[in-house]
Protein chains: 2
Amino acid sequence: MPDTSRFSALLTAKGLRLTRQREAVVDAILQAKGSFTAQELHDMLRASRSGVGLTTVYRTLEILSEGGAVERVHGLNHCEAFVVAGKHHSHTIVCSNCGSASELVDCGCDELVAAAARQTGFRIEDHVIQLRGLCRACARKHREPVGV
Amino acid sequence: MPDTSRFSALLTAKGLRLTRQREAVVDAILQAKGSFTAQELHDMLRASRSGVGLTTVYRTLEILSEGGAVERVHGLNHCEAFVVAGKHHSHTIVCSNCGSASELVDCGCDELVAAAARQTGFRIEDHVIQLRGLCRACARKHREPVGV
DNA sequence: GTGCGTGCAAATTCTTTGCAATGCA
DNA sequence: TGCATTGCAAAGAATTTGCACGCAC
């Protein structure tokens, strides 16, 4: 399982301890295909009787987010959730119906960033590119009139 | 003042009333060059003794945001603030030092969105492209060693 | 054994809501 | 005048912090 070890490597590289709780959080993250909130992870952990506190979920997400292993996703109006970050530079697309996430590679964002720098004179430090829509499966369902 | 009338047109088009408080909020928004939070607007309004409640600021921002006159901006880690939206489709770049905002036109995001749709099969509904960096003035200052 | 990590509960921050009074159209 | 709008205060949601105990190293 390369993903799990990727997470634990992140912890040890920072001189942090690998605890039962952190492993449980990482497991939950890997099981939550797609996006997830701290609250959702906490629910999953409670369901699997792992007894990890919400505080720990928040703190672990903070660590993983600093280390670049997960990233926050944003909707048009709200901060929404986290996703597992790609291994290389990428952006995320999240299904607004089921929450599943896909990764975007070769998105052409470098050109976009360069153009923006040229246009505005800004020294650009980072960028958030966040797409939202319906995944293939949900788009199919929505084509049929579902009511309400 | 085309900007002010643009805001009031938005209200009347929705059948909403043009009140002293909403005008004050719009004034504050236009004075706040760059990005601003509801709290900051409220502070500005209190400073200019306009006596507009925080609740009203939130509600007015909600209306303007729905009407597309302002939009929310996102940092890498947090929902941050609002900015005045462009008159046409555009994206925003915000200075991480002073909060000033520039608008980006011809950003090439259509191609990006199309490529993403092709790659993932998603039916893309909307996208958030948010850039952050140092504006020209702040970049200059930061070049000199400022300490801490 | 040491000190990081944990979990509870309380604190904090941000935002929304209920309701009576106000004022725009 | 009628009804949208306001503002207070209180509720609510999300997240952070303080502190005593437990466990990884």
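Numbered from 1 within each chain, the chains take letters A, B, ... in sequence-line order. Note that the coordinates shown come from a computational prediction; the quantities given were computed from them, not determined experimentally.
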* Could you pick out which residue, B/Thr19 or B/Leu54, lies toward the 5' side of DNA chain C when each is mapped onto its nearest nucleotide? => B/Leu54
* Nearest-nucleotide pick for B/Gln39, side chain only, options being C/dT15, D/dT16, C/dT17 -> C/dT15
* To do: Find the distance A/Glu62:CD to D/dA14:C1' and express it as a whole number of Å.
  => 14 Å
* **Distance-only donor-acceptor test, A/Arg17 side-chain atoms vs D/dC25 base atoms, 3.5 Å** => no
* Does the side chain to side chain contact (heavy atoms under 4.5 Å, CB included) test come out yes or no for B/Leu16 and B/Arg22, once each step is laid out? -> CA-CA 10 Å; B/Leu16 300 172; B/Arg22 286 177 179 164; 3.7 Å; yes
* Asked: Does A/Arg22 place a side-chain N or O at less than 4.0 Å from the phosphate oxygens OP1/OP2 of D/dA24?
  -> no
* **Nearest-nucleotide 5' precedence on DNA chain C, B/Arg20 against B/Thr55** => B/Thr55
* Asked: What nucleic acid atoms does B/Arg59 come within less than 4.0 Å of, heavy atoms only: base, sugar-phosphate, or nothing?
  -> base
* For D/dT16, take OP1 and OP2 only and decide whether either is under 4.0 Å from a side-chain N or O of A/Tyr58. => no
* To do: Please report, rounded to the nearest Å, how far the P atom of D/dA14 is from the CZ atom of A/Phe36.
  => 17 Å
* Where the side chain of B/Arg136 meets the backbone of A/Phe122, is there a donor-acceptor pair that is under 3.5 Å apart? -> no
* **Any donor-acceptor N/O pair, A/Thr56 side chain to A/Val52 backbone, under 3.5 Å** => no
* B/Ile124 and B/Ala117: which non-hydrogen atoms are nearest, and at how many Å? -> CD1-N, 3.7 Å
* Whole-Å distance separating the CZ atom of A/Arg46 from the C1' atom of C/dG7 -> 14 Å
* To do: Let me know the distance between CD of A/Glu23 and P of C/dG5, rounded to the nearest Å.
  => 14 Å
* Look only at the side chain of A/Arg17 and the backbone of A/Thr12, and say whether a donor-acceptor pair between them is shorter than 3.5 Å. => no
* Roughly how many Å is it from CG in A/Leu16 to C1' in D/dC23, rounded to a whole number? -> 15 Å
* Rounded distance (Å) that lies between atom P of C/dC14 and atom NE2 of B/His42 -> 13 Å
* To do: Would you indicate which nucleotide in D/dT6, C/dG5, D/dA14 comes nearest to any side-chain atom of B/Gln21?
  => D/dT6
* Atom CG of A/Leu61 and atom C1' of D/dT16: how far apart are they, to the nearest Å? -> 14 Å
* Taking CG from A/Leu41 and C1' from D/dT15, how many angstroms apart are they, rounded to a whole number? -> 15 Å
